[in-house]
Amino acid sequence: MAKGSYGNKLRYKHPLPIEAEPVPSLWKQPIQTLVWILDWALGWTNTRIIDVEINDIGQILVSDQWQMKYLWEHGFFGTGQLSRSEPNWHERTKSRLQLEDGSSINLEVVTDVRRRQRLEFKKLRAEFEAKKLEMRRQGIVDEAFLEQERLFLKAQRDKELAFEKENADITKIREEDELIIDGGEVIQLEKLQLMPVEAMFLSYAVPVLKIKLPELTASLVPELTSFNDIKKLLHQYVAYHHYRSKGWCVRSGIKFGCEYLLYRRGPPFQHAEYGIMVLDAEQSNDYTWYSSAARVVGGAKKQFVLCYVELLTTEDDVCRLWKEGRYNELFASFKIHEFLYKRWVAGKNRD
């Protein structure tokens, strides 16, 4: 679907997992208003809570297909593990196997056809190999026979191609595809992976995840021994929360060498406008570092923003607030400073 199309605007009309709807007038329609509030409360409980799992290597995953779609369509949260961004591997695989209409595949037929092909080929191949071995033992080198073997292999390949063309509905499935099909349907193997900062945001700012923030942070940082254990995570989250709260769609910027990419609405509508590099306010780098980072982001026609995170309290206080679960005070202990960095090019900036 084209960027900015009406279908996209309708599908992605909610920038966050919050669906604001007009409330009936309490004075004009008191009963309808109470019913609406009750329905809203029940709907929030039943449909707005997302299950997540944290595996052995610390990945935060959403497995339910409806919940994956919900998070993507309400703010573009997470990345499909088998996709570039939107978790659509299942739909793409069904489309490749031509199963969008709900048709199923009889794998027994597919397996039987392939087995008969392989057996026939092996039988003929074995006859050629046996004859070739016998000729070598006798010291005979028959160019005509070798040419006959080459013609046989070519004829066999042409036969396979013709068979695939005649039986396209069966041979469209590769052997490895049989591993992902069960009962004639494609198995859903893809999961939605959330960045740690996304999971924190969806547990704290917009609490739609079942996992609570203290439980989540304990999984991300099992043992806190010093401020350095949580320094990078806090800096990244404070910056992420800052831009989300300003209405930006924030996505990972790792492929452009920065922390985040900022979209005005989201990937289906336009390309990212800014690349964000999150830095400690006390951090200092030489000119070549800034120039290299800006060159990568600028090469993708995005503006490069340096986001410095300043700590307003002591490191010991931050560790204490983290351990006590006082997250409002914890996140308020940081301040954001932003600088727009532009490369100076002699040929373009003479005036």
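Any value given below was found using the heavy atoms of this structure, including those in side chains, with hydrogens, waters and symmetry copies removed. All residue numbers refer to positions in the sequence shown, counting from 1.
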Q: Looking at Asn285 and Trp289, would you say the former's side chain and the latter's main chain have a donor-acceptor pair under 3.5 Å?
A: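 Absent.
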Q: Check the pair Thr314, Asp316 against side chain to side chain donor-acceptor pair (under 3.5 Å), reporting the backbone distance first and the verdict last.
A: CA-CA 5 Å; Thr314 64; Asp316 291 338; 5.4 Å; no
Q: For Ser83, run the side-chain hydrogen bond (donor to acceptor under 3.5 Å, both in side chains) check against His90, Glu91, Arg92 and tell me which one passes.
A: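 Going through the options one by one, the only one that passes is Arg92.
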Q: Output the distance between atom CG (Leu262) and atom OH (Tyr243), rounded to the nearest 0.5 Å.
A: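 Going from CG on Leu262 over to OH on Tyr243, the span is 6.5 Å.
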Q: Run through the side-chain heavy atoms of Ile, Leu, Val, Met, Phe, Trp and Tyr, join any pair under 4.5 Å, and report what else lands in Leu179's cluster.
A: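 Cluster partners of Leu179: none, it stands alone.
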Q: Taking Ser291 for the side chain and Tyr287 for the main chain, is one N or O donor matched with an acceptor at less than 3.5 Å?
A: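 No: the side chain of Ser291 does not pair with the backbone of Tyr287.
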Q: Treating Ile, Leu, Val, Met, Phe, Trp and Tyr as nodes and any side-chain heavy-atom pair under 4.5 angstrom as an edge, say whether Leu279 and Leu312 lie in one connected cluster.
A: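 No, no single cluster joins them.
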Q: Measuring from atom CD of Gln65 to atom CE of Met68, what distance do you get when rounded to the nearest 0.5 angstrom?
A: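 Rounded to the nearest 0.5 Å, the CD-CE separation comes out at 6.5 Å.
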Q: Would a single hydrophobic cluster contain both Ile60 and Trp66, if residues Ile, Leu, Val, Met, Phe, Trp and Tyr are joined by side-chain heavy-atom contacts under 4.5 Å?
A: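 Cluster IDs for Trp66 and Ile60 match.
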Q: Restricting to non-hydrogen atoms, name the atom on Phe256 and the atom on Val296 that form the minimum distance, rounded to 0.1 Å.
A: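 Heavy atoms of Phe256 and Val296 come nearest at O-CG1, 3.3 Å.
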Q: Between Thr79 and Arg251, does the side chain to side chain donor-acceptor pair (under 3.5 Å) criterion hold? Intermediate values first, please.
A: CA-CA 9 Å; Thr79 300; Arg251 301 285 297 161; 3.2 Å; yes
Q: For the pair Arg295 (side chain) and Tyr290 (backbone), establish whether a donor and an acceptor sit closer than 3.5 Å, ignoring hydrogens and angles.
A: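 Not a single qualifying donor-acceptor pair exists.
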Q: Compare every heavy atom of Ile336 with every heavy atom of Cys307, then report the nearest pair and how far apart it is.
A: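 Looking at all heavy atoms of both residues, the shortest contact is SG-CG2, 3.8 Å.
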Q: Kindly indicate, with the supporting measurements, whether the criterion side chain to side chain contact (heavy atoms under 4.5 Å, CB included) is fulfilled by Tyr308 and Glu338.
A: CA-CA 6 Å; Tyr308 287 97; Glu338 298 162 294; over 6 Å; no
Q: Taking the side chain as every heavy atom from C-beta outward, state whether Ile49 and Leu209 have any atom pair closer than 4.5 Å.
A: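 Counting from C-beta outward, Ile49 and Leu209 never come under 4.5 Å.
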Q: Mind checking the OG-NZ spacing from Ser63 to Lys191? Nearest 0.5 Å is all I need.
A: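 It comes to 4.0 Å.
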Q: Let me confirm one number: the CD1-CG distance from Ile50 to Leu192, rounded to the nearest 0.5 Å.
A: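 That separation rounds to 9.5 Å.
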Q: Restricting to non-hydrogen atoms, name the atom on Met277 and the atom on Gly257 that form the minimum distance, rounded to 0.1 Å.
A: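 The pair with the smallest heavy-atom distance is CE-O, 3.0 Å.
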Q: Would you please classify the geometry between the Phe201 ring and the Phe77 ring as parallel, tilted or perpendicular, with 30° and 60° separating the classes?
A: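 Plane angle under 30°, so parallel.
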Q: A cation-pi test, strictly: NZ or CZ of Lys342 under 6.0 Å from the centre of the six-membered ring of Phe304 and no more than 45 degrees from its axis. Yes or no?
A: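 Pair Lys342/Phe304 does not count as cation-pi.
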Q: What are the two closest non-hydrogen atoms of Ser226 and Cys319, and how far apart are they?
A: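 Result for this residue pair: C-SG, 4.0 Å.
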Q: Using every non-hydrogen atom in the two residues, find where Pro17 and Leu71 come nearest and quote the distance to one decimal.
A: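 Where Pro17 meets Leu71 most closely, the heavy atoms are CG-CD2, 4.4 Å.
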Q: Give a yes or no answer on whether the side chain of Ser203 reaches the backbone of Ile211 with a donor-acceptor pair at less than 3.5 Å.
A: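 Between the backbone of Ile211 and the side chain of Ser203 there is a qualifying donor-acceptor contact (under 3.5 Å).
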Q: With heavy-atom distances below 4.5 Å as the criterion, would you say the side chains of Arg244 and Leu16 are in contact?
A: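 Yes. Closest side-chain heavy atoms under 4.5 Å.
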Q: Can you check whether Val278's main-chain N or O pairs, donor with acceptor, with Glu259's side chain at less than 3.5 Å?
A: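 Yes; judged by distance alone, with no hydrogens or angles, the pair exists.
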Q: In Å, rounded to the nearest 0.5 Å, how long is the span from CG of Leu311 to NE2 of His235?
A: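 With rounding to 0.5 Å, CG (Leu311) is 6.5 Å from NE2 (His235).
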Q: Output yes when a side-chain donor or acceptor of Gln59 lies under 3.5 Å from a complementary backbone atom of Gln193, and no otherwise.
A: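 Such a contact is absent between Gln59 side chain and Gln193 backbone.
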Q: Can a salt bridge be assigned to the pair Asp280 and Lys232 using a cut-off of 4.0 Å between side-chain N and carboxylate O?
A: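 Salt bridge between Asp280 and Lys232, a charged N being under 4.0 Å from a carboxylate O: no.
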Q: If you count the non-hydrogen atoms of other residues, nucleotides and ligands that lie under 6.0 Å from CG in Leu82, is the total more than 12?
A: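 Atom CG in Leu82 is crowded, with more than 12 foreign heavy atoms closer than 6.0 Å.
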Q: Examine Tyr240 and Ile18 and state if one hydrophobic cluster contains both, with Ile, Leu, Val, Met, Phe, Trp and Tyr joined whenever side-chain heavy atoms are less than 4.5 Å apart.
A: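 Yes; tracing contacts between hydrophobic side chains, which count when under 4.5 Å, links both residues.
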Q: A side-chain contact here means heavy atoms from C-beta on lying under 4.5 Å apart; do Tyr70 and His74 qualify?
A: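 Touching, per the 4.5 Å side-chain cut-off.
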Q: Is any side-chain heavy atom of Cys258 closer than 4.5 Å to a side-chain heavy atom of Ile276?
A: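 Answer no - side chains too far apart.
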Q: Does the side chain to side chain contact (heavy atoms under 4.5 Å, CB included) test come out yes or no for Val305 and Val297, once each step is laid out?
A: CA-CA 10 Å; Val305 177; Val297 175; over 6 Å; no
Q: With a 6.0 Å cut-off on the ring centroids, do Tyr260 and Trp248 count as close?
A: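 Ring centres of Trp248 and Tyr260 not closer than 6.0 Å.
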Q: Indicate yes or no: does Arg326 engage Glu329 in a salt bridge with an N to O separation below 4.0 Å.
A: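 Counted as a salt bridge, because a side-chain N and a carboxylate O are separated by less than 4.0 Å.
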Q: Test side chain to side chain contact (heavy atoms under 4.5 Å, CB included) on Trp322 and Leu234; report intermediate values, then the result.
A: CA-CA 10 Å; Trp322 176 280; Leu234 284 175; 3.8 Å; yes
Q: Is Lys210 close to Val52 at the side-chain level, that is, under 4.5 Å between some pair of heavy atoms?
A: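 They are not in side-chain contact.
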Q: Are the ring centres of Phe76 and Tyr12 closer than 6.0 Å?
A: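 Ring-ring flag for Phe76/Tyr12: true, centres closer than 6.0 Å.
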Q: Between Phe331 and Tyr237, how do the two ring planes meet: parallel, tilted or perpendicular, split at 30° and 60°?
A: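 The arrangement is tilted - the two ring planes meet at 30° to 60°.
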Q: Linking I/L/V/M/F/W/Y whenever any side-chain heavy atoms sit under 4.5 Å apart, do Phe334 and Leu306 land together?
A: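 Different clusters.
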Q: I'd like to know if the side chain of Gln67 and the backbone of Val62 have a donor-acceptor N/O pair within less than 3.5 Å.
A: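 No, because the side chain of Gln67 does not come within donor-acceptor range (under 3.5 Å) of the backbone of Val62.
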Q: Okay, side chain of Asp229, backbone of Thr225: is any donor-acceptor separation there less than 3.5 Å?
A: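 Judged by distance alone, yes, a pair lies under 3.5 Å.
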Q: Specify the closest pair of heavy atoms between Pro214 and Tyr327, including all atoms of both residues, with the distance to one decimal.
A: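 Looking at all heavy atoms of both residues, the shortest contact is CA-OH, 3.3 Å.
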Q: Go through the steps for Lys231 and Glu315 under the test salt bridge (Lys or Arg N to Asp or Glu O under 4.0 Å), then give the verdict.
A: CA-CA 9 Å; Lys231 178 180 179 180; Glu315 296 180 359; 5.9 Å; no
Q: Please evaluate residues Leu233 and Val221 with respect to the criterion side chain to side chain contact (heavy atoms under 4.5 Å, CB included), reporting the C-alpha separation (whole Å), side-chain torsions for both, the decisive distance (0.1 Å), and the verdict.
A: CA-CA 9 Å; Leu233 177 61; Val221 185; 4.2 Å; yes
Q: Please determine whether a side-chain nitrogen of the Lys or Arg among Lys69 and Glu86 lies less than 4.0 Å from a carboxylate oxygen of the Asp or Glu.
A: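 Result for this pair is no, no salt bridge flagged.
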Q: Hey, does Met195 have a side-chain heavy atom less than 4.5 Å from the side chain of Ser252?
A: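 Yes - at least one pair of side-chain heavy atoms lies under 4.5 Å apart.
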Q: In sequence, state the C-alpha distance, the side-chain angles, and the governing distance for Glu310 and His337, and then conclude on side chain to side chain donor-acceptor pair (under 3.5 Å).
A: CA-CA 8 Å; Glu310 179 186 2; His337 302 275; 2.6 Å; yes
Q: At what distance, to the nearest 0.5 angstrom, does CD of Glu190 lie from CH2 of Trp89?
A: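 That separation rounds to 7.5 Å.
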Q: Can you get from Leu61 to Leu202 by hopping between Ile, Leu, Val, Met, Phe, Trp and Tyr side chains that sit under 4.5 Å apart?
A: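 No, Leu61 does not connect to Leu202 through the hydrophobic network.
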Q: Taking the basic N atoms (NZ, or NE/NH1/NH2) and the acidic carboxylate oxygens, is any pair closer than 4.0 Å for Glu273 and Lys302?
A: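 The answer is no: the pair does not qualify as a salt bridge.
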